[in-house]
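This structure is a prediction, so every number in the text was calculated from the model and none was measured. Quick note on labels: first sequence line is chain A, next is B, and so on, each numbered from 1.
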There are 2 protein chains.
Amino acid sequence: MTAIDPDEPLARRVTLDDVGRRAGVSRATASRSLSDDPRISVATRAAVKQAATDLHYVPNIAARSLRAQRTKILGLLLANLSDPVHGQIAAAFEQEAWRSGYQVLFAAGLQEVELERKALRVFTEHATEGVAMVSSVMSPAEAQTRVRPGRLMVGQPDHERVGRYRGPLTPGVMMTDDASGVDQVVDHLVGLGFRDIAYVGSGTRASSTVHREAVGVALERHGISVNLDRFPSPDDAWRRCDEIAPLIAADLPEALVCYEDVQALALMDSLRRVGVRTPDDVAIVGFDGILFAEISSPRLTTVRTPLAELGQLIAASLIEAISTGALPDARVLPVELVVRESAQPARSVVASSANG
Amino acid sequence: MTAIDPDEPLARRVTLDDVGRRAGVSRATASRSLSDDPRISVATRAAVKQAATDLHYVPNIAARSLRAQRTKILGLLLANLSDPVHGQIAAAFEQEAWRSGYQVLFAAGLQEVELERKALRVFTEHATEGVAMVSSVMSPAEAQTRVRPGRLMVGQPDHERVGRYRGPLTPGVMMTDDASGVDQVVDHLVGLGFRDIAYVGSGTRASSTVHREAVGVALERHGISVNLDRFPSPDDAWRRCDEIAPLIAADLPEALVCYEDVQALALMDSLRRVGVRTPDDVAIVGFDGILFAEISSPRLTTVRTPLAELGQLIAASLIEAISTGALPDARVLPVELVVRESAQPARSVVASSANG
DNA sequence: CAAGGTTGCGCAACCGATTGCAGCGACGGT
DNA sequence: ACCGTCGCTGCAATCGGTTGCGCAACCTTG
């Protein structure tokens, strides 16, 4: 350990008084000069600014926001910081906030309602001007009661509504059009000739429930009825794939719809190790469109969701809501099926087309 | 747009005065009660606490830190929030901070010294009690001058020192033992029988330079001398692999050492598309040990670096430095070679062992 | 030269908490 | 009945900015 000056708990910072003193004016004038108040003469303003840079003056945001009642801080509560999906959203959110001069307080990886409540409380303590929630376990409805009205953006499927497909969405909700994505996936699979389709989701993520339902609905549209709980959905979507792979191998469906890319990729690997090859033995599709789905082997057929755009949109909407005082309507961002190699035409289709 | 009450720019929050009034005591007593000051009678304390919960009182951190000169805020400046490597570090850092009651302000994806300077300034404005920097483009030396002495942790290779292999490290530097990792990789490759080894790095990341140098040194130890700039290093390590893959295919080395896993994975894919198979035609090794290296096909031989541990360590060290006032010595976390499928014994070795 | 207008700046209150110090009431001792 | 003590609270200053209001000096105009 290298000792540092212990008697300097917090080296006194240069304050506006110091700056004013050096420039020979009062603190008030110093403050006004730095904010370019036209009532202060140009000469004085220049002198103050000079003094400020000489002294390396840095304003104290805490003091400012105490008086001005503006903190320029946003809160972002999200499921995870380290997975590709949420990482992208968080990064885009942070970037957009930064560009508008806002700082972001994060609360990630909580996974429990009680912890999320505490996080929201901390946000309030720091007087965040707005809060965004992405893939929280807390319901948006509860969050509404804990955040100042009109200052909450929700970046996740609205379970209540999406489950029923396109009901009116709560203002402030921003999401990718997962329902459409699922439709496209199922249409694609059915078009490829598959009928025996199974689903593997996440036991914990609420959006997985939405997904599974959507898959069921889409399949029904095609007159296909399957047991969507044929295989267990691991709690953590992509862990423990080694445990369910044998189950799948023992009761192999034609195609597998996965909750997310990471899971699809992990499952492909686990299956490979029990001798099931993709796409030869089974077709697999993912969801999200992360980078690794692009460079895996086989490359993964998936739904590309505009994650960065979503993060940016959430931040921009929040900031706009703060400045205009109007809560933006919900937004649903379009998604796009990306056909790659992990799902090939079913043998039956290949055979019949060879016959025909 | 849904209008919300425009005349409520910032609904007045409940203050200690309100709590005190309701409990029939002064603000001072209310404050003391909430912090369980023994000088206040138990009855009064209970009454105040009751009033506080009744009123949903939430303290104002800005006011508190103004007076108490403690913000309980940390700053984390890092290269990127959305890649698996930095995402893991950031997530672990945030978790550890949260556990100690600290909030984290992020500045990510800046990539320019000027922007990083501004970020550090913003941190100062918010009176962060400590700052950590991971993979910054700014030199740690400069950062030292911009952060309060003893309140900076650097989570990246110290170019000056590591380039020279194990010189004394600057206090406050925490890093994974990349030099050892590179040694292990090279030893492994050479042990597998490879001699014609090439390197592909990143044009922008400073740590890539360190890596490349380390590879050269390690090879020299084995009496192998190669041109480490045989192939161009793309700016963004994993983008544009499609552009260099043809070059590699046209001048195929026996083995390829990559700067990081993401790049190795991307390169494997690009090479596959120009007809070069891994590990049959070329051996590839990565670095970092991200999840996807574990589930790729072929699974990637790489060096596992304790990223989460690093993030946690940085945060814990920073917090300790804040409370004890002593700057921790540098720490170098051990890394571990993980042998998987992307690098198989060289044909020559296989042949000779078959002969022998 | 006086009245009215500008211009440029300072005084002091305020934001919401923390905290040193002082005061007040009750109680015991004599 | 008076005084000292102790326990419990309140007063007021303080942190570092922002801002309404007022004031002085200077300039213009009749």
Decide whether A:Q156 and A:S136 meet the rule of one side-chain donor and one side-chain acceptor closer than 3.5 Å. yes

Report the nucleotide, chosen from D:dT19, D:dG17, C:dC15, that has the shortest atom-to-atom distance to any side-chain atom of A:P59. D:dG17

Is the closest basic N to carboxylate O distance between B:E129 and B:R70 below 4.0 Å? yes

For D:dT9, does OP1 or OP2 lie under 4.0 Å from any side-chain N or O of B:T29? no

Look at the side-chain N and O atoms of A:S41 and state whether any lies under 4.0 Å from the OP1 or OP2 oxygen of C:dG8. no

Respond yes when some side-chain nitrogen or oxygen of A:Q69 is under 4.0 Å from OP1 or OP2 of D:dT18, and no when none is. no

Within less than 4.0 Å of OP1 or OP2 of C:dG16, is there a side-chain N or O belonging to B:Y57? no

Picking from D:dT19, D:dG10, D:dG16, the nucleotide nearest the side-chain atoms of A:T15 would be D:dG16

The answer to which of A:R39 and A:L16 contacts DNA chain D further toward the 5' end, by nearest nucleotide, is A:L16

Toward the 5' end of DNA chain C, which comes first, B:A68 or A:R27, by nearest nucleotide? A:R27

Counting just side-chain N and O atoms, does B:T44 come under 4.0 Å of either OP1 or OP2 of D:dT9? yes

Sugar-phosphate, base or nothing in reach of A:V48, heavy atoms under 4.0 Å: nothing

May I have the distance from B:D37 (atom CG) to C:dT18 (atom C1'), rounded to whole angstrom? 11 Å

Counting N and O atoms only, with roles assigned by atom type, does the side chain of B:E116 sit under 3.5 Å from a partner on the main chain of B:M138, one being a donor and the other an acceptor? yes

Any side-chain N or O of A:S31 under 4.0 Å from OP1/OP2 of D:dT18? yes

Side-chain donor/acceptor of A:R32 to base of C:dG10, under 3.5 Å: yes

Tell me whether B:Q144 contacts the main-chain N or O of B:P149 through its side chain, where contact means a donor paired with an acceptor under 3.5 Å. no

Want to settle it: does B:R67 or B:I40 sit nearer the 5' end of DNA chain D, counting the closest nucleotide to each? B:I40

Between B:E114 and B:K118 (salt bridge meaning N to carboxylate O under 4.0 Å), is one present in this structure? no

